[in-house]
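Notes follow the structure.
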Amino acid sequence: MENKEELVDFVVTARKYKTLLTTKYKNREVWQKPVEGEVRSNLPGTIIQLVVKENEQVQEGQLLLIHEAMKMLNRIVAPVSGTVKVINVKEGDKIGKNHLMIKIED
């Protein structure tokens with residue numbers, strides 16, 4: 001039984017090429033549209049400071065927490081205005097990539 005790779009077409013500046021997709025590319029995590037009000041980590045790291053509490057009203061752009069990743073302190077701000085409904089982290093927690101940290105609802 002022969003394992004035949006499937007060629008994929010792509011176009012660059014009006015020229016058409018064929019290529020083979022790598023196994024890594026085929027097994028990649030599929031992108032999903034972000035859910036409004038969900039604050040997820042982009043990188044694994046540690047929660048340094050939590051500034052808000054559950055049921056607190058927040059405005060878009062307001063500081064929610066400080067997240068340390070790759071030796072940098074990142075200010076995580078509210079993507080939307082609303083009420084903090086869920087906080088899934090506490091200070092000192094080590095979290096992974098794409099971890100749901102905070103959920104904000106209208």
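Residue numbers count from 1 along this sequence.
Counting only heavy atoms from C-beta outward, the side chains of Glu29 and Asn98 approach each other to under 4.5 Å.
Other residues, nucleotides and ligands contribute more than 12 heavy atoms inside 6.0 Å of the NZ atom of Lys26.
In terms of modelled atom types and a separation under 3.5 Å, the side chain of Asn88 and the main chain of Leu100 share a donor-acceptor contact. Between the side chain of Arg15 and the backbone N or O of Val12 there is no donor-acceptor pair closer than 3.5 Å. Side chain of Asp93 to backbone of Ile47: no donor-acceptor contact under 3.5 angstrom is found. Of the possible polar contacts, one joining the Thr22 side chain to the Tyr25 backbone as a donor-acceptor pair under 3.5 Å is found. Thr46 places no side-chain N or O within 3.5 Å of a backbone atom of Glu68 that could act as its donor or acceptor partner. The backbone N or O of Leu7 sits nowhere less than 3.5 Å from a side-chain atom of Thr19 that would complete a donor-acceptor pair.
Results of the side chain to side chain contact (heavy atoms under 4.5 Å, CB included) test with Val52 over Leu63, Ile104, Ile102 single out Ile102 as the only residue that passes. For the side chain to side chain contact (heavy atoms under 4.5 Å, CB included) test with Leu64, the passing option among Val58, Val77, Leu50 is Val58; the others fail.
Nearest heavy-atom pair, Gly96 versus Ser41, reported as atom, atom and distance to 0.1 Å: O-OG, 2.6 Å. In terms of heavy-atom proximity, Ala69 sits nearest to Pro44 at CB-O, 3.5 Å.
A single hydrophobic cluster is seen to contain both Leu73 and Val51, as judged by linkage of ILVMFWY side chains at heavy-atom distances under 4.5 Å, directly or through other members. In the hydrophobic clustering of this structure, Val39 does not group with Val35; members are Ile, Leu, Val, Met, Phe, Trp, Tyr whose side-chain heavy atoms approach within less than 4.5 Å, directly or through other members. Both Leu65 and Val80 are part of a single hydrophobic cluster, where members link through side-chain heavy atoms under 4.5 Å apart.
No side-chain donor from either of Thr83 and Glu105 sits under 3.5 Å from a side-chain acceptor of the other.
Separation of atoms CD (Glu91) and CD (Gln49) is listed at 6.0 Å; rounding is to 0.5 Å.
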